[in-house]
Amino acid sequence: MIIRRIRYTKPTIEISIISGVIGVAVNAFNIFREFTSSGANVITIAGLVLAVLGISLTHKRMKSAAFCFVGASLLSLPVKISGADFWLPCVWGICYAVSSMNDFQLINLEAPLPESSDDVIDDMLSGKMMADAAGKQDEWLKRVNDFISRYTVFAYYGYMFAVMACLFLNGARLFAPEMWEGYSRDFWALLAAGGLAAVAGVYTESARRKF
């Protein structure tokens, strides 16, 4: 039997920092473009400040880093930029959301992650990987329940809703900007879809905890 090794990249704190730095670079360029036109938006500057703070707190492994990043990502939503600049807040909003989710998993929950060594198909056939995955799932559930007992269920699901809404709405703005011009009927439909996507994500998390 031919054994094939399955390689993957383990999520790390460095990924959060890299994603945050990319977001900061785009955010700073966004501010520069605003300064050369009609003046920088205060919300755009606030997003940059929060993101820089998030990078610093991520480097120190602080739990507040995830919330700084999600706050910066939320600030990308009300920014109104027209023309060629419209995609900029979408990009830094997505980058900050990714950093926030990664930080939340690694720092706030301290949930178990796959080992960095290679997995082998023989382990999968023997059921070892399935047993290991079940153990990690149980540990993840314990971590989530500990977080909820400390910060309330509203903090957990409120965070999940916010970060998923940031990912969906910024992604929709990036790939369908014409819907946002003039706030047409399509815009409100898209906004509703974003809300439903976030609700579905929250429901999925709830079902995962339950089952």
Side-chain angles (χ1 to χ4, degrees), residues 11 13-35 37-38 40-55 57-58 64-108 155-205:
I13 293 298
E14 286 70 25
I15 292 176
S16 294
I17 295 176
I18 291 171
S19 180
V21 168
I22 293 173
V24 164
V26 177
N27 199 166
F29 181 69
N30 193 167
I31 293 173
F32 173 76
R33 293 295 297 272
E34 288 179 347
F35 264 125
S37 56
S38 58
N41 192 319
V42 175
I43 297 177
T44 311
I45 297 175
L48 180 65
V49 172
L50 272 177
V52 171
L53 180 60
I55 293 173
L57 293 174
T58 298
S64 52
F67 303 109
C68 287
F69 275 127
V70 78
S73 186
L74 284 169
L75 289 176
S76 69
L77 296 178
V79 176
K80 299 177 181 178
I81 300 178
S82 61
D85 294 342
F86 192 84
W87 60 274
L88 293 174
C90 305
V91 173
W92 53 263
I94 292 173
C95 287
Y96 296 159
V98 170
S99 293
S100 178
M101 292 175 68
N102 201 49
D103 277 355
F104 191 78
Q105 176 78 11
L106 298 178
I107 300 175
N108 297 69
Y156 179 75
Y157 286 113
Y159 169 80
M160 295 303 301
F161 181 89
V163 75
M164 290 175 185
C166 286
L167 286 174
F168 179 90
L169 293 175
N170 277 313
R173 287 173 61 180
L174 185 62
F175 295 105
E178 64 280 356
M179 290 187 181
W180 296 70
E181 295 299 329
Y183 302 117
S184 63
R185 182 173 61 182
D186 292 335
F187 165 79
W188 295 112
L190 186 64
L191 194 63
L196 288 174
V199 169
V202 169
Y203 177 79
T204 301
E205 282 292 299

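Model, not experiment: these values are computed from the prediction.
- Donor-acceptor pairing under 3.5 Å is lacking for the side chains of Asn102 and Ser19.
- Here Asp103 contributes atom CG and Thr58 contributes atom OG1; the two are 3.5 Å apart, rounded to the nearest 0.5 Å.
- Using the six-membered ring where Trp is involved, Phe67 and Tyr159 have ring planes that are perpendicular, over 60° apart on the 30 and 60° scheme.
- Heavy-atom minimum distance, Val163 versus Ala97: CG2-O, 3.7 Å.
- In this structure the side chain of Asn30 reaches within 4.5 angstrom of the side chain of Pro89, judged on heavy atoms.
- Nearest heavy atom pair, residue Gly20 against residue Ser99, reads N-OG, 3.0 Å.
- In this structure a side-chain-to-backbone donor-acceptor pair under 3.5 Å is missing from Ser76 to Ala72.
- The two residues Gly47 and Asn27 have their closest heavy-atom pair at C-OD1, 3.5 Å.
- From Phe35, atom CZ reaches atom CG of Asn41 across 10.5 Å, with rounding to the nearest 0.5 Å.
- At a threshold of 4.5 Å between non-hydrogen side-chain atoms, the residues Ile43 and Pro78 count as touching.
- Here the CZ-CG distance, from Phe69 to Leu57, works out to 8.5 Å after rounding to the nearest 0.5 Å.
- Taking CZ from Arg33 and CG from Leu88, the interatomic distance works out to 7.0 Å, rounded to the nearest 0.5 Å.
- Counting heavy atoms from C-beta outward, Val70 and Phe104 have side chains that stay 4.5 Å or more apart.
- With rounding to the nearest 0.5 angstrom, the CG atom of Leu75 is 6.0 Å from the CG atom of Leu50.
- The two atoms that bring Leu169 and Leu77 nearest to each other are CB-CD2, 3.8 Å, heavy atoms only.
- Distance check: Cys95 SG to Ile18 CD1 gives 11.5 Å after rounding to the nearest 0.5 Å.
- Within the 3.5 Å criterion, the main-chain N or O of Gly23 finds a donor-acceptor partner in the side chain of Tyr96.
- The two atoms that bring Cys68 and Leu53 nearest to each other are SG-CD2, 3.7 Å, heavy atoms only.
- The two atoms that bring Ile13 and Leu106 nearest to each other are N-CD1, 3.7 Å, heavy atoms only.
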